[in-house]
K.L.:
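Here it is, the structure in full.
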Amino acid sequence: MRKIIIDTDIGIDDAFAIYFASKLFDVIGITTVNGNVTANMATKNAKLFNAKNHLSIPVYKGAQRALAIDNTPPIFEVHGADGMGQVYDNPFDDNAPDAISFILDTVKKHKGEITLVAIGPLTNIAMALMLEPDLADYVKELVIMGGAFGTNGHTGNMSQFAEFNIYKDPHAADMVFRSNLNITVIPLDVTYEVLVNGDEIESTHNQFLIDISKFYLDFSQKEEGFYGMAIHDALTLSYLYNKDFFTIKRSPVRVATSGINFGQTMMPLSSMKVSDPNFEGLCEHNLALYVDVKAVKDHFLKTISM
């Protein structure tokens, strides 16, 4: 069974993804990062997630701030003040071993066996790269939920250009994309195509997921007129389960770290042979731009109902 580490700023859709992952793969650790909530709250949430789902995945606390910018506020209006829909009291503390050390120690101990699944800002991954520039020699694959490339009009959810996870730490993201890690990007281009409604969530009979989703569903109903949610982060696991669910484009990627398009994920667009030092010598990554919506959704709902 594939061994994975999930790097997360655990909010509501993250919790769906981690539960989904627990049914498909050997999740050997949850590493937390500042994003939807603070790293401290994410650590508490990961422990609560384990308790409510009768799991014992080890939890590690990672970066509490972005690499080069001030932290932006958590998005309480989407995930609630606690990041988990304000449903459950959380009795857990935020103490946990260091996430960066855990990632580095684990991938070196199990060279070429560990897949990193990053469903929050990429600060922890960038810090691991800073400490171990040859990280690509040890990691089997890095799958990222983040970014947006404009397919079917899906551009940004924090601005006209920027997706949340990348926007929260664009310098970290740009560092990761400039590396030679084996990277697959699952952007808004595909994640906004796969939506589940409240009735479909109810049909899983998973009371924890049903409970925490209600805050998100109410927000979606108010803002978009749809009582449902995109299962953004879960698509990273759908990709690992069956890559044929997705249509992939190979391309290098950079991230804008300043200017009007701050936080935008960019790939070369010109069909002409134009010299561009910004992309020169960079590795190509897998970008998922199209998705078999029915196959992904059916598999997701069936799996989390087990």
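In what follows, residues are counted from 1 in the order of the sequence shown.
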K.L.:
Before accepting this row, confirm whether a basic side-chain N of the pair Glu77/Lys222 lies closer than 4.0 Å to the acidic partner's carboxylate O.
P.N.:
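Looking at Glu77 and Lys222, the cut-off is not met.
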K.L.:
Please determine, by modelled atom types, if Asn182 and Lys140 share a side-chain donor-acceptor pair under 3.5 angstrom.
P.N.:
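Lys140 and Asn182 do not have a side-chain donor-acceptor pair below 3.5 Å.
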K.L.:
Evaluate the ring planes of Phe49 and Phe208, with Trp represented by its six-membered ring, and classify them as parallel (under 30°), tilted (30 to 60°) or perpendicular (over 60°).
P.N.:
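Taking Phe208 first and then Phe49, their aromatic rings stand perpendicular (interplane angle over 60°).
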K.L.:
A cation-pi test, strictly: NZ or CZ of Lys44 under 6.0 Å from the centre of the six-membered ring of Phe92 and no more than 45 degrees from its axis. Yes or no?
P.N.:
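No, Lys44 does not sit over the ring of Phe92.
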K.L.:
Do you know which two heavy atoms are closest between Phe215 and Val78, and how far apart they sit?
P.N.:
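So the minimum-distance heavy-atom pair works out to CD2-O, 3.3 Å.
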K.L.:
Can you check whether Lys214 reaches Val87 side chain to side chain, under 4.5 Å on heavy atoms?
P.N.:
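Not touching, per the 4.5 Å side-chain cut-off.
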K.L.:
So, the side chain of Glu224 versus the backbone of Phe226: is there a donor-acceptor pair under 3.5 Å, distance only?
P.N.:
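Between the backbone of Phe226 and the side chain of Glu224 there is no qualifying donor-acceptor contact (under 3.5 Å).
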K.L.:
Taking Val139 as the fixed residue, which of Ile183, Leu181, Ile114 is the one that meets the side-chain contact (heavy atoms from CB on, under 4.5 Å) rule?
P.N.:
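With Val139 as partner, side-chain contact (heavy atoms from CB on, under 4.5 Å) holds for just one option, Leu181.
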K.L.:
Report the distance from atom CG of Leu237 to atom OG1 of Thr303, rounding to the nearest 0.5 Å.
P.N.:
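Nearest 0.5 Å value for the CG-OG1 distance: 10.0 Å.
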K.L.:
Step by step, work out the side chain to side chain contact (heavy atoms under 4.5 Å, CB included) result for Met175 and Leu67.
P.N.:
CA-CA 10 Å; Met175 181 184 299; Leu67 289 186; 4.1 Å; yes
K.L.:
Apply the test side chain to side chain contact (heavy atoms under 4.5 Å, CB included) to residues Asp9 and Asn34: give CA-CA distance (whole Å), side-chain angles for both, the deciding distance (0.1 Å), then the verdict.
P.N.:
CA-CA 6 Å; Asp9 55 342; Asn34 178 74; over 6 Å; no
K.L.:
Would a distance-only check, ignoring hydrogens and angles, find a side-chain to backbone donor-acceptor pair under 3.5 Å from Ser22 to Tyr19?
P.N.:
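Checked: pair present.
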K.L.:
Verify side chain to side chain contact (heavy atoms under 4.5 Å, CB included) between Asp82 and Tyr88, making sure each step is shown before the conclusion.
P.N.:
CA-CA 9 Å; Asp82 61 354; Tyr88 296 106; 5.9 Å; no
K.L.:
Compare all side-chain heavy atoms of Phe246 with those of Leu235 and state whether any distance is below 4.5 angstrom.
P.N.:
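A side-chain contact exists here, since the closest heavy-atom pair is under 4.5 Å.
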K.L.:
Would you say the rings of Tyr239 and Phe245 are close, in the sense that their centroids are separated by under 6.0 Å?
P.N.:
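No, too far apart.
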K.L.:
May I ask you to decide if the ring planes of Phe300 and Phe20 are parallel, tilted or perpendicular, using 30° and 60° as cut-offs?
P.N.:
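Phe300 vs Phe20 ring planes: perpendicular.
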K.L.:
Checking Tyr216 against His79 for the ring-ring contact (aromatic ring centres under 6.0 Å, His included) test, could you report, in this order, the C-alpha distance in whole Å, the side-chain angles of both residues, the deciding distance, and whether it holds?
P.N.:
CA-CA 6 Å; Tyr216 196 127; His79 296 274; 5.6 Å; yes
K.L.:
Taking Thr115 for the side chain and Ile4 for the main chain, is one N or O donor matched with an acceptor at less than 3.5 Å?
P.N.:
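Side chain of Thr115 to backbone of Ile4, a donor-acceptor pair under 3.5 Å: no, none is there.
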K.L.:
Would a line drawn from the ring center of Phe16 to the ring center of His232 be shorter than 6.0 Å?
P.N.:
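That pair fails the under 6.0 Å test.
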K.L.:
For Asp174, is there an ion pair with Arg178 - N to carboxylate O distance below 4.0 angstrom?
P.N.:
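Salt bridge: yes.
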K.L.:
Side chains of Asp14 and Asn36: any donor to acceptor distance under 3.5 Å?
P.N.:
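Yes, because at least one side-chain N or O of Asn36 sits under 3.5 Å from a partner of the opposite role on Asp14.
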K.L.:
Is there a donor-acceptor contact under 3.5 Å from the side chain of Gln86 to the main chain of Ala81?
P.N.:
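Side chain of Gln86 to backbone of Ala81, a donor-acceptor pair under 3.5 Å: yes, one is there.
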K.L.:
Side chain to side chain contact (heavy atoms under 4.5 Å, CB included) between Ile144 and Ile125: does it pass, once the steps are laid out?
P.N.:
CA-CA 10 Å; Ile144 296 167; Ile125 310 302; over 6 Å; no
K.L.:
Considering non-hydrogen atoms only, spot the tightest contact between Lys168 and Ile69 and give its length.
P.N.:
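Reported closest heavy-atom pair: O-CD1, 3.6 Å.
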K.L.:
Tell me whether the rings of Phe102 and Tyr60 are parallel (<30°), tilted (30 to 60°) or perpendicular (>60°).
P.N.:
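Geometry flag for Tyr60 against Phe102: parallel rings.
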K.L.:
Closer than 4.0 angstrom, basic N to acidic O: yes or no for Asp93 and Lys47?
P.N.:
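Between Lys47 and Asp93 there is a salt bridge, with a charged N closer than 4.0 Å to a carboxylate O.
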K.L.:
Could you check Thr43, Asp98, Asn40 and say which one makes a side-chain hydrogen bond (donor to acceptor under 3.5 Å, both in side chains) with Lys61?
P.N.:
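Testing Lys61 for a side-chain hydrogen bond (donor to acceptor under 3.5 Å, both in side chains) against Thr43, Asp98, Asn40 leaves exactly one candidate, Asn40.
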K.L.:
Could you verify whether a donor N or O on one side chain and an acceptor N or O on the other, from Asp7 and Thr31, lie under 3.5 Å apart?
P.N.:
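The criterion, which ignores hydrogens and geometry beyond distance, is satisfied for Thr31 and Asp7.
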K.L.:
Do we see a donor-acceptor contact under 3.5 Å between the side chains of Glu193 and His154?
P.N.:
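Side-chain D/A pair, Glu193 to His154: present.
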